[in-house]
Amino acid sequence: MPVDASTMNQILCNVFEEMLGMSTAVEQPSESDATQQRLLASIRITGAEDELMVLEAPLETAQRIAETMFAADPGTLPDEEVRDAVGEVVNMIGGNVKGTYTQESALSLPCVWLVPGEASMESFEFFEAHAIHFSVAGCPIAIRWTEGVAVTA
Amino acid sequence: MKILIVDDSKAMRMIIKRTLGQTDIGRCDVVEATNGAEGLQMVVQERPDLVLCDWNMPEMTGIEFLQKLRLTDAQTAFGFITSESGEETRKLAIDSGAQFLVTKPFTADSLNVELASMNA
């Protein structure tokens with residue numbers, strides 16, 4: 001059974017506010033969200049529970065998160081390190097969700113990929129089971145999660 | 001004190017290193033590895049006093065690393081810093097020879113508590 005929104009909110013708060021010192025606030029999705037180049041980072045829990053989580057971050061947000069994690073100056077990080085940082089964020093989220101389960105399950109490694117600006121999240125409609133749109137240090141970001149589904153290219 | 005940080009995420013290795021500087025552990029030398037297999041080699045080469053290790057990593061996981069390490073080395077202190085947080089995971093870690101498990105996300109305070117208990 002997918003984790004509830006309140007639990008997910010607490011996990012996001014723990015990751016961004018307590019650990020990274022970045023403020024968060026729940027937001028409404030904006031029109032511009034769908035047209036920007038963005039990073040998607042996914043992680044899956046399998047076993048007695050089966051859940052898929054996808055973090056969707058506009059490139060600017062992803063860079064901001066990575067710069068905080070690496071304590072780097074703006075615009076200085078290579079793409080690889082931005083992907084690494086966002087992957088680690090979704091890894092922490094997935095691990096904490098898994099920690100709420102009582103039955104045995106396994107956590108995948110995170111997978112991060114770049115989505116071009118012309119693609120829209122309508123391609124990922126199956127993730128709409130649950131979603132929280134929020135901001136991190138004023139930058140938009142979203143987490144979507146659902147019971148596991150088969151993902152095909 | 002020499003500490004080996006084993007994590008496939010460079011960002012997380014950076015955060016752990018920075019957070020160590022905010023704990024009471026004092027001055028330490030830090031060496032790094034990106035998975036368990038590399039970690040095993042680094043233990044032999046670098047002889048760290050403490051290993052801080054992730055759980056889920058490609059090539060060799062943290063628990064596989066610990067179990068292999070304990071076949072030949074019962075001395076080197078070992079702690080997990082991982083997003084894995086279930087009781088079963090914690091029990092497996094301790095039964096396999098880890099001193100502690102800190103769940104990500106973590107703070108300097110939570111890491112400090114575990115480091116202090118290790119020295120007690």
Fill in the blank from the handout: Applying a strict 4.5 Å limit to non-hydrogen atoms, the region of A/L20 in contact with chain B is side chain
Practice task
Tell me, please, which residues at least two apart from B/D7 pass salt bridge (charged side-chain N to carboxylate O under 4.0 Å, His left out).
Solution key: B/K104
Practice task
Give a yes or no on whether the backbone of B/K10 and the side-chain of A/E81 come within a donor-acceptor separation of less than 3.5 Å.
Solution key: no
Completion exercise
For residues 61-70 of chain A against chain B, heavy atoms under 4.5 Å, the residues are A/T68, A/M69, A/F70
Handout entry: Top contributor to chain B contacts, counting heavy-atom pairs under 4.5 Å, from A/I11, A/I93, A/V15, A/T102
Key = A/V15
Exercise for the section: In plain terms, say whether B/D54 and B/R13 are close enough for a salt bridge, that is, a side-chain N and a carboxylate O under 4.0 Å apart. Expected result: no
Exercise for the section: Scan side-chain atoms only and decide if A/N9 and A/S6 contain a donor-acceptor pair under the 3.5 Å cut-off. Expected result: no
Exercise for the section: Using the six-membered ring wherever Trp is involved, compare the ring planes of A/H130 and A/W145 and label them parallel, tilted or perpendicular (cut-offs 30° and 60°). Expected result: parallel
Handout entry: Polar side chain donor-acceptor pair, A/D4 to A/T7, under 3.5 angstrom
Key = yes
Exercise for the section: Measure distances from A/L109 to the heavy atoms of chain B and classify the residue's part below 4.5 Å as side chain, backbone, both or neither. Expected result: side chain
Problem - Contacting moiety of A/A71, where chain B heavy atoms sit under 4.5 Å - result: both
Exercise for the section: Go through the side-chain N and O atoms of B/T34 and B/D8 and say whether any donor and acceptor fall under 3.5 Å apart. Expected result: no
Problem - Any donor-acceptor pair under 3.5 Å from A/N96 side chain to A/M92 backbone - result: yes
Fill in the blank from the handout: Under 4.5 Å to a heavy atom of chain A? For B/T107 that would be side chain
Practice task
Might you point out which heavy atoms bring B/F65 and B/L40 nearest each other, and give the distance in Å?
Solution key: CE1-N, 3.4 Å
Problem - Under 4.5 Å from any heavy atom of chain A - which part of B/T89 - result: side chain
